[in-house]
Amino acid sequence: MHLLMLIFGIVLLPEAYTLKCYECTPGISGTCTDVEKECPGGQRCSAIRVTAYTGGPKPTDVNMKSCASIDQCGEGSVNFGAIKTIINSKCCATELCNIQPAPELSRSSPNGKKCFYCDGKTCDATVNCEGKEDYCLSATVTVGEKVTVKGCASKLICSEQSTEIPGVGRAELSCCQGDYCNSASSTSAGLLLLVAPLISLVMLS
């Protein structure tokens, strides 16, 4: 009887065990305050850093904390030509372990892979993928009209096929491997319209 209870305990404990983690979502000022949160079973604590290079003198740098599933942990980037966003999601599995912010990751060198990106008029311009960007990406959102962006992405970004962008709607993502494989025609090449929402997409998906 005791052995049976022990077996059930071992099988069921990972399902029932939940972590307490810090949660922190930046507001308009860019700062946030840590609050404690009980995470759903099986999730870990995560410290996330999103760095966006938009052609300005200094990149946009956002830190946040949350609960995360194991497939949301790691390093990733998405490169839309003029705009590149790097995500570093550091996860840990002990109580309130995400107290420190995730470190900033710098841009990597080109890796030889090439994809199409949208330059504001058409979606047949070439972007050189960098670092771990092994996929070509197409993302489509309906914002009054159908808007498409294209570029390079890493596996972490391509793990989602669709996601909700706050204040915009559902984005459909399509990733493929092979140079210029994201060549399907698009309805509209609205890169700048989706810059801020796509940063949110990466942070909140």
Side-chain angles (χ1 to χ4, degrees), residues 14 17-54 58-80 83-109 111 113 129-137 139 141 149 151-168 170-175 177 194-205:
Y17 179 69
T18 59
L19 272 180
K20 190 179 286 185
C21 301
Y22 288 112
E23 184 177 53
C24 173
T25 303
I28 296 173
S29 65
T31 61
C32 61
T33 305
D34 288 346
V35 295
E36 294 182 11
K37 178 184 178 179
E38 200 82 24
C39 293
Q43 290 200 348
R44 301 181 174 202
C45 299
S46 175
I48 305 161
R49 189 168 200 146
V50 179
T51 308
Y53 297 87
T54 57
K58 189 176 179 182
T60 302
D61 198 23
V62 178
N63 284 285
M64 58 188 298
K65 296 173 184 176
S66 185
C67 305
S69 57
I70 188 67
D71 61 336
Q72 294 173 320
C73 303
E75 301 172 4
S77 61
V78 60
N79 187 348
F80 296 116
I83 299 157
K84 180 182 173 77
T85 303
I86 301 173
I87 303 96
N88 186 15
S89 178
K90 289 293 182 188
C91 294
C92 52
T94 56
E95 202 84 349
L96 301 174
C97 58
N98 60 337
I99 184 68
Q100 295 295 327
E104 181 180 353
L105 298 177
S106 58
R107 294 190 70 158
S108 303
S109 301
N111 61 19
K113 185 174 182 60
C129 303
E130 301 176 2
K132 296 179 180 179
E133 295 165 359
D134 299 329
Y135 296 82
C136 292
L137 167 83
V141 177
V149 291
C152 305
S154 60
K155 185 177 180 180
L156 182 70
I157 306 299
C158 287
S159 61
E160 297 282 341
Q161 291 188 336
S162 67
T163 189
E164 194 73 24
I165 301 177
V168 176
R170 182 154 289 279
E172 301 298 328
L173 309 182
S174 173
C175 292
Q177 288 187 298
L194 285 182
V195 173
L198 280 166
I199 294 172
S200 299
L201 177 157
V202 170
M203 290 165 50
L204 302 175
S205 62

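Residues: numbered from 1 along the sequence shown.
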Subject >> Pair I87-I157, side-chain contact (heavy atoms from CB on, under 4.5 Å): steps then yes or no >> reply: CA-CA 9 Å; I87 303 96; I157 306 299; 3.5 Å; yes
Original post:
Any ion pair linking D61 and R49 (charged N to carboxylate O, less than 4.0 Å)?
Top reply: yes
Subject >> Side chain to side chain, E75 and L156, heavy atoms closer than 4.5 Å >> reply: no
Subject >> CD-CZ distance between Q72 and R44, expressed to the nearest 0.5 angstrom >> reply: 12.0 Å
**OP:** Using the side-chain contact (heavy atoms from CB on, under 4.5 Å) rule, take D34 and N98 through it: C-alpha gap first, then chi angles, then the decisive distance, then the call.
**Re:** CA-CA 10 Å; D34 288 346; N98 60 337; over 6 Å; no
Original post:
C45-C92 sulfur separation below 2.5 Å?
Top reply: no
**OP:** Decide yes or no for T85 and F80: does some side-chain heavy atom of the first lie under 4.5 Å from some side-chain heavy atom of the second?
**Re:** no
Original post:
Which atom pair, heavy atoms only, marks the closest approach of K155 to Y135?
Top reply: CA-CE1, 3.8 Å
**OP:** To the nearest 0.5 angstrom, please state how far the NZ atom of K132 sits from the CD1 atom of I86.
**Re:** 11.5 Å
Original post:
Is the SG-SG separation for the cysteine pair C91 and C73 below 2.5 Å?
Top reply: yes
Subject >> Non-hydrogen atoms of C152 and E133 that approach each other most closely >> reply: CB-OE1, 3.5 Å
Original post:
Just wondering, do N111 and C129 contact through their side chains at under 4.5 Å, heavy atoms?
Top reply: yes
Original post:
Got a salt bridge between R107 and E130, using NZ or NE/NH1/NH2 to carboxylate O under 4.0 Å?
Top reply: yes
Original post:
Within a strict 4.5 Å, meaning less than it, do heavy atoms of the C67 and K37 side chains meet?
Top reply: yes
Original post:
Is it true that C158 and C175 have SG atoms closer together than 2.5 Å?
Top reply: yes
Original post:
So, do L19 and Q43 sit near enough that their side-chain heavy atoms are less than 4.5 Å apart?
Top reply: no
Original post:
What's the shortest heavy-atom distance between N88 and A102, and which atoms?
Top reply: O-CB, 3.6 Å
Original post:
With a 4.5 Å heavy-atom cut-off, do K90 and P103 have their side chains touching?
Top reply: yes
Subject >> S77 versus S154, closest heavy-atom pair with distance >> reply: N-OG, 2.9 Å
Subject >> Test item: side-chain donor near acceptor, T18 and E38, under 3.5 Å >> reply: yes
**OP:** Indicate the atoms forming the closest heavy-atom contact of C24 with T33, along with that distance.
**Re:** SG-N, 3.9 Å
Original post:
Shortest non-hydrogen contact from T25 to C32?
Top reply: O-CB, 3.4 Å
**OP:** Could you check E36 against Y22 for side-chain contact (heavy atoms from CB on, under 4.5 Å), going step by step and ending with a plain yes or no?
**Re:** CA-CA 5 Å; E36 294 182 11; Y22 288 112; 4.1 Å; yes
